[in-house]
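Protein chains get the first letters and strands the later ones, always in sequence-line order, with residue 1 at the start of each. Everything numeric here is computed off the predicted structure, so don't read it as measured data.
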Amino acid sequence: MLDNLIMGFGAALTPVNLLWCFVGVLAGTVIGLLPGLGSTTGVAVLLPLTLSFEPLTALIMLAGIYYGAQYGGTITSVLISTPGEAASVVTAIDGYQMARRGRAGAALSIAAIGSFVAAIVSLVLLMAMAPPFARLALGFGPPENLAVMVLGLTTIVSFSSAGARLRGLAMAVLGILLATVGVDAATGLPRYTFGDVDLLSGLPFVQVMIGLFAVGEVLFQIRQGAAEPIRARFKDLMITRAELSRSKGAIARGSVIGYLLGCLPGAGSTLASFLAYGVEKRVSRHKDEFGHGAIEGVAAPESANNAAANANFVPTLALGIPGGATTAVLLGAFMMYGIQPGPLLFDEQPELVWGLLASFFIGNVLLLVLNLPLAPMFAQLLRIPYGYMYPLILVTSFVGAYSIDNNMFSVWVVFVFGLVGYFMKKFDLPMAPLVLGLVVGALFEKALVQTSAMGGGDLTIILTRPVALAVFLLAALLLAGPSLLRLVSRNVRHEEKEGV
Amino acid sequence: MRGLIRGESAVWTLLVCLSVAMAGASFGYGVTKDGGEVGPGFLPLVSGVALALLSAACLLRSVRRAAPEEEDVDPARIRTLWTVFGLLLVALLLVPLTGFLVAFGLLVFVVSAFVEKRPLVPAAGIAVAATLVIYAVFVLFLAVPLPGGLLGVGGDG
C-alpha cells in the first residue's frame with residue numbers, strides 16, 4: 001500500500017493537480033454553503049468544465065467539490081439553519097442554537113476539526129479496505145453483482161419510516177424504468193425513443209441530475225424564500241478546552257459510524273449524520289442540551305458525514321456501484337472519461353485511483369486551512385441577496401448542460417427535470433433512490449440478462465450462489481426488518497398490557 | 001394543505017399511468033427471448049408493474065391521510081416561482097432568435113430587476129458581467145459553440 005500511496009502522491013502533487021484540487025475544494029465550500037446547491041448539484045453543474053482535462057485532474061477537482069461541499073454545508077446549517085447539503089440537516093439543530101447563543105464560530109470550528117479528523121481516519125481505512133474489497137469483488141459473477149445492486153437500492157430506502165420507504169422504493173424503481181429508455185445494449189433494439197435520435201443513447205444522466213438537483217432546488221428555494229444569516233466573527237472561532245474535550249468522543253464515534261455506513265452501497269452521508277446524532281444523543285452526559293446547542297450535536301454528525309463521504313468511494317471504486325447521489329454523478333463522470341470503475345480499476349489504472357485517493361488527503365488539509373480561519377469570510381457570501389444569486393445559478397446550470405453534448409436537447413432535459421425536481425421536493429419524494437436507480441439501471445439490466453443466460457432463462461440460479469443469496473437476504477432483511485421489528489414490539493406491548 | 005394532498009395524489013396517479021403505459025409497451029420489445037432468457041422488454045415490464053403497484057399504494061396512502069396543518073408558504077413566493085419558470089421557458093424559446101448568451105443574459109436581468117425588484121443598475125451590471133464570464137469560460141476557454149441565433153452572438157459562428 002505504501003508504494004501505491006507514494007505513487008498516488010506523486011501523481012496528485014503536480015502543480016496542475018494541486019491547483020485544480022484547490023479550485024475544487026474552494027468551489028465545493030462555496031457551493032455547499034449556498035442554499036439550494038449541494039455537492040451533487042456542484043459536481044453535475046461543473047462536470048462539463050472538466051471535459052477537456054486529463055481524467056485524474058478532472059476527478060481530483062470533482063472529488064474536491066464533493067468533500068468541500070460537506071464543509072460548506074455546515075456554514076449555512078449553523079448560521080441560517082438552512083443546510084446547503086442534505087448531510088448537514090441534522091447539524092442545523094444544535095449548530096443554529098449555538099449560533100443564537102453567540103457560539104457560531106465555535107460550532108464552525110468544531111465542525112471543521114471533526115470533519116478533518118474523520119476525513120483522515122476514513123481515508124486511511126478507505127485505502128486499506130478498498131483494494132482487498134476490489135479483489136473480493138473480482139470473484140463476483142452476474143448474480144452477485146445483481147444482488148449487490150439490489151442491496152444498494154434497498155439500503156438507500158431502508159432506514160426511513162414505512163411511508164417514506166414506500167416512496168423511496170417507488171423512486172428507485174422509477175429510476176430503473178427510466179434507465180431502460182434508449183437502445184437496448186444486448187439486442188440493439190430502441191425502447192421508448194418515439195423515433196427521437198437524441199433519446200437513442202438514453203436519458204442523458206448528467207443533464208437529468210442538473211435538472212433535478214440544480215434547477216429543481218433553486219425553484220424550491222424561490223418558493224421558500226431566503227433566511228437572514230446570523231453574523232459569525234473571527235474572534236468567536238476559538239473553542240474552549242471544555243468544548244474540545246466534550247467533542248473528542250463524539251468525533252471518534254461519528255467517524256466510525258460514518259465510515260461503516262458509507263461503505264454500504266446506497267447509504268449516503270445523510271443517513272450517517274442522522275445516525276451519529278442519534279447515537280450521541282443516547283450516550284452523551286449532556287442529553288438535556290441536545291436541541292439547545294450541544295457541541296456534540298455538531299461534532300458527531302459533521303464527523304460522520306465526512307467519513308461517509310470518503311467511505312462512499314469504497315463501493316464506487318471497488319464495485320462500480322455508487323454509495324450515494326454525488327458518487328453516482330461521479331460514477332457518470334468516470335464513464336464520460338472512458339473509465340469503468342469496478343474491481344479491475346485498482347489493477348488497470350493504479351495511478352488514477354491512488355492519485356485520486358492521495359488528493360483526498362491534500363484536499364482535506366486545504367479545507368482545514370481554508371475553513372478554520374476563513375469560515376466567517378465565506379459566511380459573508382450568504383449576505384449576497386438571493387435575488388441576484390439564483391438567476392446566475394440557473395444560467396450556469398443551463399449553459400453547463402448545453403456544453404456536455406453541444407445540443408439544445410440537453411437544455412430541454414434540464415428544463416423538464418427541473419420541474420420534476422421541484423415537485424419531488426414539494427411532495428417530499430426522495431431524489432437519491434431515483435438517481436441510484438437511473439445510474440445502476442443499465443448495469444442492473446446487464447447483470448440480469450447475464451444471470452438469465454447463465455441459468456438458461458432460469459433466474460432461480462441465484463439460489464445456487466451462496467454469496468448472491470446472502471446479499472439478497474440481507475437486502476430483504478433491511479427492507480422488511482424495521483416493519484417486522486415494529487410489529488413484534490407492538491405485539492409484545494399488547495401482550496404486556498393484557499398480562500397486566 | 002388539502003391542495004397539497006390533491007397535488008400529491010395527482011403525482012401518484014400520473015406515475016401509475018406512466019408505469020402502466022411503459023409496462024404495456026414492453027410487450028412490443030419482447031419480454032423473453034427464444035429459450036426463455038430475459039429479453040429487452042423484461043426489465044421495463046417488471047419495473048413498470050412494480051412501479052404501478054408502489055404508486056397505487058402511495059396514492060391510497062395520500063388519499064387516506066387526514067389533512068395535516070396548513071402549509072406556511074407566502075402566495076407571493078409561489079407567484080414568483082411560476083413567473084421565473086415561465087421566464088425560463090421564454091428564454092429557451094428565444095435562443096433560436098437571439099442566441100444563448102443574449103437570451104440568458106436577459107433572463108438574469110429581468111429576474112433580478114423586475115421579479116426580485118433589485119435596483120436596475122446593479123441588476124444590469126450583474127447580467128452583463130455574467131454573460132461576459134460565460135462567454136469567456138465556455139466559448140473562449142472551452143470552445144463550446146453556444147447557439148448564436150439570428151444575431152450571431154455566441155460561439156457557433
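Between atom CZ of residue B:F104 and atom OG1 of residue A:T396 there is a gap of 10.5 Å, rounded to the nearest 0.5 Å. In this structure, the separation between CZ on A:F398 and CG on B:L107 is 8.5 Å, given to the nearest 0.5 Å. Interatomic distance, OG of B:S19 versus CG of A:L174, reported as 8.5 Å (0.5 Å rounding). Here the straight-line distance linking atom CG of A:L459 with atom CD of B:E37 works out to 10.0 Å at 0.5 Å rounding. Atom CE of A:M171 is separated from atom CG of B:L51 by 7.0 Å, given to the nearest 0.5 angstrom.
At a 4.5 Å heavy-atom cutoff, the contact between B:S26 and chain A is made by backbone and side-chain atoms alike. When heavy atoms are compared at a cutoff of 4.5 Å, B:L88 approaches chain A by way of both its backbone and its side chain. Using a 4.5 Å cut-off between heavy atoms, B:V46 makes no contact with chain A at all. Neither the backbone nor the side chain of A:M389 has a heavy atom closer than 4.5 Å to any heavy atom of chain B. Proximity to chain B involves both the backbone and the side chain of A:S403, based on heavy atoms less than 4.5 angstrom apart. Heavy atoms closer than 4.5 Å to chain A are found in the side chain of B:L18, but not in its backbone. With a 4.5 Å cut-off on non-hydrogen atoms, B:V110 does not touch chain A at all. Heavy atoms closer than 4.5 Å to chain A are found nowhere in B:F109, neither backbone nor side chain. Of the two parts of A:T180, only the side chain, counted from C-beta on, holds a non-hydrogen atom closer than 4.5 Å to a non-hydrogen atom of chain B. For chain A, the nearby part of B:V84 is the side chain; its heavy atoms alone come within less than 4.5 Å.
The main-chain N or O of A:Y388 is never found under 3.5 Å from a side-chain atom of B:R118 such that the two would form a donor-acceptor pair.
The 12-atom threshold is not exceeded at CD of A:E54, counting heavy atoms of other residues, nucleotides or ligands nearer than 6.0 Å. Atom NZ of B:K33 has more than 12 neighbouring heavy atoms from other residues, nucleotides or ligands inside a 6.0 Å radius.
In this structure, A:R223 and B:D74 have side chains that are not in contact, with every pair of non-hydrogen atoms separated by 4.5 Å or more. Side-chain contact between A:R191 and B:M22 is absent, with no heavy-atom pair separated by less than 4.5 Å. Using a 4.5 Å cut-off on side-chain heavy atoms (C-beta onward), A:Y402 and B:P147 make contact. Two residues are said to be in side-chain contact when any heavy atoms from C-beta on lie closer than 4.5 Å; B:Y29 and A:T187 fail this criterion. Looking at A:F444 and B:L43, their side chains come closer than 4.5 Å, going by heavy atoms from C-beta outward. Contact of the B:V11 side chain with the A:L429 side chain is registered, since non-hydrogen atoms from C-beta on lie closer than 4.5 Å. Under the 4.5 Å side-chain criterion, counting only non-hydrogen atoms from C-beta, A:V411 is in contact with B:F100.
Closest of all the heavy-atom pairs between A:P391 and B:V111 is CG-CG1, 3.6 Å. Heavy-atom minimum distance, A:Y192 versus B:A25: CE2-CB, 3.8 Å. Nearest heavy-atom pair across A:G387 and B:S112 is O-OG, 3.5 Å.
Of the listed residues (A:D458, A:L51, A:L448), the one with the most heavy-atom contacts under 4.5 Å to chain B is A:L448. Chain A forms more heavy-atom pairs under 4.5 Å with one residue of B:L89, B:T131, B:V133 than with any other, namely B:L89. Of all the listed residues (A:S52, A:P48, A:G400, A:A453), the one sharing the greatest number of non-hydrogen pairs under 4.5 Å with chain B is A:A453. Between chain A and the options B:G36, B:P44, B:C58, the largest number of non-hydrogen pairs under 4.5 Å is found for B:P44. Top candidate by heavy-atom pairs under 4.5 Å with chain B, chosen from A:L394, A:L419, A:T451, is A:L419. The candidate with the highest count of non-hydrogen atom pairs below 4.5 Å against chain A, out of B:I134, B:V137, B:I78, B:T32, is B:I134.
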May I have the step-by-step check of side-chain contact (heavy atoms from CB on, under 4.5 Å) for A:V449 and B:F42, ending in yes or no?
-> CA-CA 9 Å; A:V449 169; B:F42 184 84; over 6 Å; no
Are A:Q221 and B:R77 close enough, and set up right, to give a side-chain contact (heavy atoms from CB on, under 4.5 Å), and what steps lead you there?
-> CA-CA 9 Å; A:Q221 284 296 326; B:R77 296 304 315 168; over 6 Å; no
Decide side-chain contact (heavy atoms from CB on, under 4.5 Å) for A:E445 and B:V38; before the verdict, give the C-alpha distance in whole Å, the side-chain angles of both, and the deciding distance to 0.1 Å.
-> CA-CA 9 Å; A:E445 188 167 24; B:V38 164; 5.9 Å; no
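Checked against a 6.0 Å centroid threshold, the rings of B:W12 and A:F427 do not count as neighbours.
Side-chain contact of B:E116 with A:Y386: a donor-acceptor pair under 3.5 Å is absent, judged by distance alone.
Below 30°, between 30° and 60°, or above 60°: for B:F85 and A:F415 the angle between ring planes is below 30°, a parallel geometry.
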